[in-house]
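Here is the structure we will look at.
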Amino acid sequence: KDLPPIFYPTNSDNVAPGRLLRVLDSVGVGAIHSVIALNRGTRDGAQAGQVVAVHRRGALVRDPKVKDLVRLPSERSGLAMIFRSFDRVSYAYVLEADEPLKLGDEIRPPVSTN
């Protein structure tokens with residue numbers, strides 16, 4: 001199947017949350033204009049044109065009061081648009097990156113500001 005010549009960004013609410021598997025042509029850190037592989041494919045609702053948000057997983061810290069380990073909330077670090085999707089994996093182009101994107105970062109639907 002050939003790639004369409006034009007991609008129109010679409011909503012990715014039906015894509016299951018996932019992880020960044022690989023940054024192509026890199027040692028493992030991505031930035032704007034990088035191509036990344038995601039562990040979500042057509043079986044998970046991923047389609048060409050869908051925009052996904054990349055989130056840096058929150059750090060694991062010790063709660064000073066109860067001494068338990070607590071995971072801090074994840075923070076959004078970028079946006080990517082899927083351009084090719086297979087059964088179990090998709091490839092996306094990084095549109096925005098506020099900080100380096102790393103293997104294992106979370107992939108989620110972007111939050112609408114409307």
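Note that the structure is a prediction, hence the values are computed from the model and not measured.
Ile32 and Ile107 end up in different hydrophobic clusters when Ile, Leu, Val, Met, Phe, Trp and Tyr side chains are linked at under 4.5 Å. Linking ILVMFWY residues whenever their side-chain heavy atoms come closer than 4.5 Å, directly or via other members, places Leu24 and Phe86 in the same cluster. Grouping the Ile, Leu, Val, Met, Phe, Trp and Tyr side chains by contacts below 4.5 angstrom, directly or via other members, places Leu72 apart from Leu69. The cluster map of Ile, Leu, Val, Met, Phe, Trp and Tyr, joined by side-chain heavy atoms under 4.5 Å apart, puts Leu95 and Val29 in different clusters.
Across all their heavy atoms, Ile82 and Ser90 have their closest contact at CG2-CB, 4.0 Å. A pairwise comparison of heavy atoms in Pro110 and Leu79 identifies CB-CD2, 4.0 Å as the closest pair. Considering all non-hydrogen atoms of both residues, Ala53 and Arg76 come closest at CB-CD, 4.0 Å. Here the closest heavy-atom approach between residue Leu103 and residue Leu21 is recorded as CD2-O, 3.3 Å. In this structure, Ser74 and Glu106 approach most closely via the heavy-atom pair OG-OE1, 3.0 Å. In terms of heavy-atom proximity, Arg19 sits nearest to Asn39 at N-OD1, 2.6 Å.
Counting heavy atoms from C-beta on, the side chains of Leu101 and Ser34 never come closer than 4.5 Å.
Under the 30°/60° scheme for interplanar angles, the aromatic rings of His33 and Tyr93 are found to be tilted.
Under a 3.5 Å cut-off, the side chain of Arg88 and the backbone N or O of Gly41 do not form any donor-acceptor pair. In this structure, Arg62 contributes its side chain and Lys67 its backbone to a donor-acceptor pair below 3.5 Å. Side-chain N or O atoms of Ser77 include one that pairs as donor or acceptor with a backbone N or O of Val54 at under 3.5 Å. Although no hydrogens or angles enter the test, the distance criterion places no donor-acceptor pair under 3.5 Å between the side chain of Asp105 and the main chain of Leu20. A side-chain donor-acceptor contact under 3.5 Å links Ser85 to the backbone of Ala46.
Heavy atoms of other residues, nucleotides or ligands lying less than 6.0 angstrom from CD of Glu75 number 12 at most. In the displayed structure, Asp25 atom CG is contacted under 6.0 Å by at most 12 heavy atoms of other residues, nucleotides or ligands.
In this structure, Ile36 CD1 and Lys102 NZ are separated by 15.0 Å, a value rounded to the nearest 0.5 Å.
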